[in-house]
Undergrad: 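The following block contains the structure, expressed as structure tokens.
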Amino acid sequence: MAHLIRHNLTNKLTNAAHTVSHKSQAKVSGVFARLGFQAATDEEGLGFAECDDLDYDYRQGMQMDVLQGEEEEGHMEGEVELEGDSHYQRDGTGPRPPSLKTEGSLDEDKPKITSWEAGWNVTNAIQGMFVLGLPYAILHGGYLGLFLIIFAAVVCCYTGKILIACLYEDNEDGIKVRVRDSYVDIANACCAPRFPALGGHVVNVAQIIELVMTCILYVVVSGNLMYNSFPGFPVSQKAWSVVATVALLPCAFLKNLKAVSKFSFLCTVAHFVINILVIAYCLSRAREWAWEKVKFYIDVKKFPISIGIIVFSYTSQIFLPSLEGNMQKPSEFHCMMDWTHISACVLKGLFALVAYLTWADATKEVITDNLPSTIRAVVNIFLVAKALLSYPLPFFAAVEVLEKSFFQDGGRAFFPDCYGPGGQLKSWGLGLRIALVVFTLLMAVFVPHFALLMGLTGSLTGAGLCFLLPSLFHLKLQWRNLLWHHVFFDVAIFVIGGICAISGFIHSIEGLIEAYRYNIHD
């Protein structure tokens, strides 16, 4: 009997504490609740509260021996939950919560990747060919450009983490459960219930633009590198772009990326070797470094373009939800993001600084164009090979997004399915893929400006997918769990990202107009 009385008093004190906590939280978050930041979790919180009340009433009517039996059973369950990782229940080391999706068991049968393999994928994304444009950013930003390389690494690492946090919700036991699977799911959850599909459409459009622009940049840089490698050939940069696109036409026939993935590791290793060669050449001319050229002033007109270049070189948020979902231990995701972005920041800053110090005001948009002709040809040929082998990855991803959005959306698609009953691609579907390859060629031919296109893409979609949307989604979906400094960081990133995106987009457009008006070539 004493045990029953003690148990009732404990429940009453617990409920009173919860009531006080809820009232104080309601006062603090009232303003944000009117803006909709709490709407996504109110119903869940109400459901959890109702479960607590029902559980309390049920226990009130129980006999003492039944309560003791439940306590012993709860004690055994508590010991089971201590095994493995209780924070993330998808790492394969602990029991799965019953509230997870039923198809989650199918995901566990698929081979998982380690944190090192996940980190290698992130490194491939943020240490790609587009670091070749970073010295050009230092040209127009000086030391502020170096600071921006560090700042962008910190912000992109943080927004990647909060984006993954939006995939999870706390269940009744306070365990984080993965209730969403993709960037699109997060966006749809933020726009529900008024516009349940609007967020997904916005993210899909941004993803398609960024992926297609990445393909265009690969064609542009291929034509640029070949033209500068063989200046004596009577072939223009546009003609070299056409030659590169002819080599890329087989991408339209891709069914999967198995064939391409075999070369991805060698391509990345080759790129690191090329970076080391460029840095080694720059170090050999260390006595000629122009430290006096690196200043604190910025070119107000061209520096916003540099912001877009730097942001675009860090974009990886598109595939982070899928990557985290396939990790053996998702709890190691934060650590993986830390070391990948720290290493990227160090290597990018070092590469950009030593390259700019070597060529100073003569720094070109693609830094390998500054190398002596004997070294340039060898380095550029390797870079062209890497660009051509990297093209299928964003192309295939863009094709998948387009097909799922317009041709395979479960009967809600705008057009008929582009695949036959046996899974074979229809002829007109193949024609659309070829048209996409040709479109990337036309854009590369008519807009052959690598740095301006890179700055435009970084300002338009890079800032949106890396800065604006993750911070906004985090405020919307995780408002109940945020501390004041989290709110401050999210709001600051949203404001700064918005300013950088608008200014970078405007100045990139102005730069393209000026390039056409005065017939300026890369």
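Atom set for the values below is all heavy atoms of this structure, side chains included, hydrogens, waters and symmetry mates excluded. Just so we're clear, the structure is a prediction, and the values are computed from it rather than from any experiment.
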Undergrad: For a quick test of reading the model, state the closest non-hydrogen atom pair linking S459 to A501 and the distance between them.
TA: O-CB, 3.3 Å
Undergrad: Is the number of heavy atoms from other residues, nucleotides or ligands under 6.0 Å of F195 CZ greater than 12?
TA: no
Undergrad: Flag yes if more than 12 heavy atoms outside F382 fall under 6.0 Å of its CZ atom; otherwise flag no.
TA: no
Undergrad: What's the spacing between L248 CG and I434 CD1 if we round to 0.5 Å?
TA: 13.0 Å
Undergrad: Of all heavy-atom pairs between P135 and Y356, which one has the smallest distance, and what is that distance?
TA: O-CD1, 4.2 Å
Undergrad: Decide whether K348 and S313 meet the rule of one side-chain donor and one side-chain acceptor closer than 3.5 Å.
TA: yes
Undergrad: Please work out whether the ring planes of Y314 and H341 are parallel, tilted or perpendicular, with thresholds of 30° and 60°.
TA: parallel
Undergrad: Grab the two heavy atoms, one from F312 and one from M454, that are nearest each other, plus how far apart they are.
TA: CD2-CG, 3.6 Å
Undergrad: Before you tell me yes or no, could you show the steps for L320 and Y183 under side chain to side chain contact (heavy atoms under 4.5 Å, CB included), namely the whole-Å CA-CA distance, both residues' side-chain angles and the distance that decides it to 0.1 Å?
TA: CA-CA 8 Å; L320 286 183; Y183 209 142; over 6 Å; no
Undergrad: Pair F333, M327 - check side chain to side chain contact (heavy atoms under 4.5 Å, CB included), show working.
TA: CA-CA 8 Å; F333 177 82; M327 289 180 64; 3.9 Å; yes
Undergrad: So do L167 and D181 actually touch side chain to side chain, heavy atoms under 4.5 Å?
TA: no
Undergrad: Output the distance between atom CD1 (I208) and atom CG (L211), rounded to the nearest 0.5 Å.
TA: 8.0 Å
Undergrad: Are the side chain of N188 and the backbone of G200 linked by a donor-acceptor contact shorter than 3.5 Å?
TA: yes
Undergrad: Do S222 and L388 have side chains that approach each other closer than 4.5 Å (heavy atoms only, starting at C-beta)?
TA: yes
Undergrad: Can you label the angle between the F147 ring and the F151 ring as parallel, tilted or perpendicular, going by 30° and 60°?
TA: parallel
Undergrad: Please check if the distance between the ring centroids of Y391 and Y218 is under 6.0 Å.
TA: no
Undergrad: Do N370 side-chain atoms and A362 backbone N/O form a donor-acceptor pair below 3.5 Å?
TA: yes
Undergrad: Could you pull out the closest heavy-atom pair between C166 and R180, with the gap in Å?
TA: O-NH1, 2.5 Å
Undergrad: Does D338 come within less than 4.0 Å of K161, counting only side-chain N to carboxylate O?
TA: yes
Undergrad: Do W116 and W339 have ring centres separated by under 6.0 Å?
TA: yes
Undergrad: For V438 and T245, run side chain to side chain contact (heavy atoms under 4.5 Å, CB included): C-alpha distance rounded to whole Å, both residues' side-chain angles, the deciding distance at 0.1 Å, then the answer.
TA: CA-CA 8 Å; V438 174; T245 306; 5.9 Å; no
Undergrad: Please report the closest heavy-atom contact between V311 and A463, naming both atoms and the distance.
TA: CG1-N, 3.9 Å
Undergrad: Under 3.5 Å, is there a donor on one side chain and an acceptor on the other for S471 and D490?
TA: no
Undergrad: What I want to check is whether the side chains of W289 and T358 have a donor and an acceptor closer together than 3.5 Å.
TA: yes
Undergrad: Where is the tightest heavy-atom contact between T159 and C466, given as atom of each residue plus distance?
TA: OG1-O, 2.8 Å
Undergrad: Hey, is K293 close enough to D361 for a salt bridge, meaning N to O under 4.0 Å?
TA: yes
